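Report on one structure; see the data block that follows.
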Amino acid sequence: MADTPKVAVLMGSESDLPVLEAAVKELECFGVPFELRVMSAHRTPQAVAQFAQAAEGRGLQVIIAAAGGAAHLAGVLASMTTLPVIGVPVPTDRMGGMDSLLSVVQMPGGVPVACMGLGSSGARNAAVLAVQILAASDSNLRDALREHKAEMVRSVEEQDARAGEWLRDRGK
Ligand code: RP5
């Protein structure tokens, strides 16, 4: 039987999936059990309310919610659960995503949403932040996060070496 999901990854529409893939990949890398759902604050508000009210009882510990435009999914979820909610603003072709960003970030006092940056890097960071929240009570995840940082250091060092090689190849 599959592990009980600890993280829920929600999107307002299937059209958000290309952005959320970065979150899915990162959660898979950390081996965190998660579920992936489509629900909309505007098109299926009852489903969102039912989800938010049942989430904690189902063993979920963190909710990631991505939406674009009038991006209210994360905020509406946060209004109905005490679980931490991480919002991912999805870029739009209307206002370059500024509409999504402001919809997610401008929450009223007392109802926080941890708003990530726009797009895929925001989705990836949402997953890493979810892992960091879970890691507060999971030493294996803390070790995995340390390795994650070490891997980024190795990657940038390799890029640095390639930059030097590129310059040398130009005879500099
Ligand atoms: C939002 O509206 C969704 O999160 C999506 O980003 C945007 C457009 O949805 P579709 O019209 O592509 O279904 O609710």
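Model, not experiment: these values are computed from the prediction. We count residues from 1, following the sequence as given. One-based numbering, in listed order, for ligands and for the atoms of each.
In this structure, E14 places its CD atom where only 12 or fewer heavy-atom neighbours from other residues, nucleotides or ligands lie under 6.0 Å away.
Heavy atoms of R43 found under 4.0 angstrom from ligand 1 belong exclusively to the side chain. At a heavy-atom cutoff of 4.0 Å, ligand 1 is contacted by the side chain of S15 but not by its backbone.
Closest non-hydrogen pair, I133 versus V62, comes out as CG2-CG2, 3.8 Å.
Here atom 2 (O) of ligand 1 lies nearest to G68 when heavy atoms of A65, G69, A70, G68 are compared.
When the side chain to side chain contact (heavy atoms under 4.5 Å, CB included) test is applied to V128, the partners found at least two apart in sequence or on another chain are E26, Q132, L145, H148.
Residues S155 and Q159 bring a donor and an acceptor atom of their side chains to less than 3.5 Å of each other.
For residues 93-115, the set of pairs meeting the ring-ring contact (aromatic ring centres under 6.0 Å, His included) definition, not counting sequence neighbours, is empty.
Shortest contact from atom 10 (P) of ligand 1 to any protein heavy atom: S13 OG, 3.4 Å. With respect to atom 4 (O) of ligand 1, the closest heavy atom belonging to the protein is D16 OD2, 2.6 Å.
In summary, the atoms of ligand 1 found under 4.0 Å from a heavy atom of G12, numbered by their order in the structure, are 3 (C), 4 (O).
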